[in-house]
Structure formats: C-alpha cells, structure tokens
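Below is one structure, written out as structure tokens; the observations come after it.
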Amino acid sequence: MRPYILAETNWKQIQETNFELAILPWGATEAHNYHLPYATDVIEADAIAAEAARHAWEQGAKVIVLPTIPFGVNTGQTDILLDINLHPSTQLVILTDIIEVLNRQGIHKLLILNSHGGNDFKTMLRELGVRFPNMFLSTCSWFHVLDKAQYFDEPKGDHADEMETSLLLHLRPDLVRPLDEAGDGAARKWKLTALREGWAWAERRWSQVTSDTGIGNPKQATAEKGERYFADVSRKIGDFLVELAAADIRDLYA
Ligand SMILES: [Zn+2]
C-alpha cells in the first residue's frame with residue numbers, strides 16, 4: 001500500500017496524515033494509432049503521478065494522488081469509434097465538485113496533472129479561483145515538462161508518437177502491438193497559413209489529419225528511451241510537488 005495513492009490507502013492511515021497537496025491526474029480514452037491501447041493517456045498519468053508522488057513523499061511532502069479521471073475532451077474525434085468525449089463544461093462540473101470537497105476539508109492546494117492534449121484547464125482554474133479564494137489551483141501537462149528532442153529521434157509528433165510509444169514500452173509492454181503493425185503517424189498540415197504556422201488556432205478534425213489516428217512516427221521507439229524519459233519527467237514533477245506542498249500560498253512571490 002502506497003500511502004500517497006488514495007485508491008490504495010485506508011481510513012486509518014488517512015486520519016493520521018495532514019495532507020497539504022492533492023494531485024488529480026486527468027487522462028483520456030481514445031485511439032492511439034494501431035499499436036497502443038485506448039488507455040494510453042491514463043496509464044501514463046497513473047504512472048507519472050505515482051512516481052512523482054513517491055519522490056515527494058520520501059522527502060516528507062504530504063501529497064495525495066486522487067484516482068485518474070479516465071475521460072477527456074475528444075471533441076475533434078467524434079467520428080473515431082469509442083473515443084469517449086467529455087465536454088469542457090462537464091469537466092468544469094467534475095472539477096468544481098472535487099475542489100468543493102478539498103476546500104471544505106482544508107486541503108488547499110491542487111495540482112491537475114494533465115495527460116491529454118485536448119484537455120485545457122486554465123480557464124476553468126481562473127473561474128474556480130474566484131469561487132474558491134482559499135484554494136491554490138494549478139495545472140501541469142507532463143508532456144510539456146521536458147524537451148523531447150533530448151530524448152527522442154522523432155520529437156515532432158504529439159499523439160501515439162515515439163515518445164508515447166517508448167513510455168508504453170517501458171510501462172506496459174504487454175499492451176503494445178509489434179511496431180511493424182503501427183502506422184507511420186503521418187499528419188496532414190493546414191492549408192491556412194496562420195494555422196499552419198501556429199499563431200492562430202482551430203481544432204483539428206482528427207480523422208482528416210491522420211489515417212491511423214497517430215501523429216508522429218513511432219517506429220524508433222524503445223523501452224530504454226521510455227525509461228529514461230519517465231524517470232526524468234517524474235523526478236522533475238516530484239520536485240515541483242515538494243516545493244508546492246511546502247509553499248505558503250499567501251506568500252508566493254519573490
Ligand atoms: Zn496520448
């Protein structure tokens with residue numbers, strides 16, 4: 001039993017701990033090319049949150065990892081079978097209820113550990129910060145923490161790519177199909193200049209951008225690359241957890 005994982009701990013242990021920081025991992029359930037499981041984002045969120053929290057707990061930080069929310073925003077994948085979409089407005093309602101509990105019970109720091117590119121919690125946290133002024137609300141997408149070019153030969157992808165495939169080869173090799181069955185993750189670019197250059201944004205129609213649902217070529221993925229990336233990303237987030245757990249939320253600016 002890991003005392004920093006809510007799903008594993010118990011009422012006796014919980015009563016003896018003064019938790020300072022709750023971590024809410026948030027994933028998605030969606031197709032990941034032909035070779036990775038639908039729960040890829042959930043598996044990544046579970047593992048990175050747990051390893052970061054272990055690192056923090058061992059340094060005395062009283063952190064608690066809540067169960068991962070398994071569904072995310074998949075509004076661009078409505079025609080991809082069994083991609084389960086949660087609308088952002090639904091996420092706001094879920095988040096409000098969770099924060100209401102934490103606020104009432106005196107756990108005044110929350111980090112959402114985001115594991116899916118379609119999830120975007122910033123505007124929600126702005127709104128909830130007004131409604132819960134005693135809470136410190138923060139979010140971090142683990143896939144933005146490190147420079148992928150330092151770890152992978154094909155760092156440009158963003159879905160079922162070399163990075164995600166390497167992570168899954170490390171974390172759950174039993175769920176990864178042989179890489180010669182994977183599509184190449186080729187993605188079509190926008191015709192509109194501003195969107196192609198990235199200084200304007202519109203949602204991508206996923207099934208028109210990629211034929212195998214992947215974006216980024218997974219073929220050079222290895223478990224060794226995944227292990228190294230996993231260790232570094234978990235440690236860096238773990239260091240953040242230590243700092244956040246110890247922080248005085250009335251005195252945050254140097
Ligand atoms: Zn993913």
Side-chain angles (χ1 to χ4, degrees), residues 23-52 67-88 91 112-121 139-149 151-177 179 181-187 203-223 225-230 232-234 237:
I23 298 132
L24 179 64
W26 206 310
T29 298
E30 57 173 349
H32 273 75
N33 202 325
Y34 298 117
H35 64 295
L36 294 181
Y38 266 58
T40 291
D41 293 1
V42 175
I43 293 166
E44 293 161 344
D46 279 344
I48 293 168
E51 179 60 14
T68 301
I69 310 275
F71 303 128
V73 173
N74 278 93
T75 43
Q77 290 95 352
T78 48
D79 54 348
I80 297 179
L81 197 62
L82 288 171
D83 275 22
I84 306 296
N85 174 51
L86 275 197
H87 285 299
Q91 290 185 313
I112 301 173
L113 184 66
N114 179 35
S115 190
H116 169 62
N119 294 338
D120 183 1
F121 299 105
T139 180
C140 159
S141 295
W142 61 258
F143 44 89
H144 289 150
V145 169
L146 299 175
D147 175 10
K148 283 163 70 178
Y151 296 83
F152 303 105
D153 294 297
E154 286 268 2
K156 280 213 163 20
D158 63 19
H159 187 71
D161 60 352
E162 184 182 324
M163 181 268 276
E164 281 203 295
T165 303
S166 296
L167 271 178
L168 268 283
L169 283 170
H170 170 55
L171 297 170
R172 288 299 302 270
D174 56 314
L175 295 180
V176 181
R177 300 289 306 161
L179 289 187
E181 292 180 17
D184 63 7
E203 182 163 62
R204 292 173 288 184
R205 285 282 126 211
W206 212 260
S207 58
Q208 295 176 26
V209 171
T210 157
S211 57
D212 53 33
T213 80
I215 294 183
N217 193 334
K219 302 284 172 147
Q220 297 186 73
T222 68
K225 289 176 183 174
E227 182 176 18
R228 182 172 156 250
Y229 182 86
F230 175 74
D232 287 359
V233 77
S234 302
I237 293 170

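Residue numbers run from 1 in the order of the sequence given. In this text, all values refer to a predicted model and were calculated from it rather than measured experimentally. Atoms within a ligand are numbered from 1 in the order they appear, just like the ligands themselves.
A salt bridge links K148 and D161; the closest N-O separation between the charged side-chain nitrogens and carboxylate oxygens is under 4.0 Å. With salt bridges taken as basic N to acidic carboxylate O contacts below 4.0 Å, one links D158 and R204.
Among the backbone and side-chain atoms of H159, no N/O/S atom is found under 2.8 Å from the Zn ion (ligand 1).
Atom OD1 is the N, O or S atom of D41 at the shortest distance from the Zn ion (ligand 1). Within E164, OE2 is the N, O or S atom that lies nearest to the Zn ion (ligand 1).
One side chain, H32 or D41, offers a donor N or O that lies under 3.5 Å from an acceptor on the other. Between the side chains of D79 and S207, a donor-acceptor pair is found at a separation under 3.5 Å.
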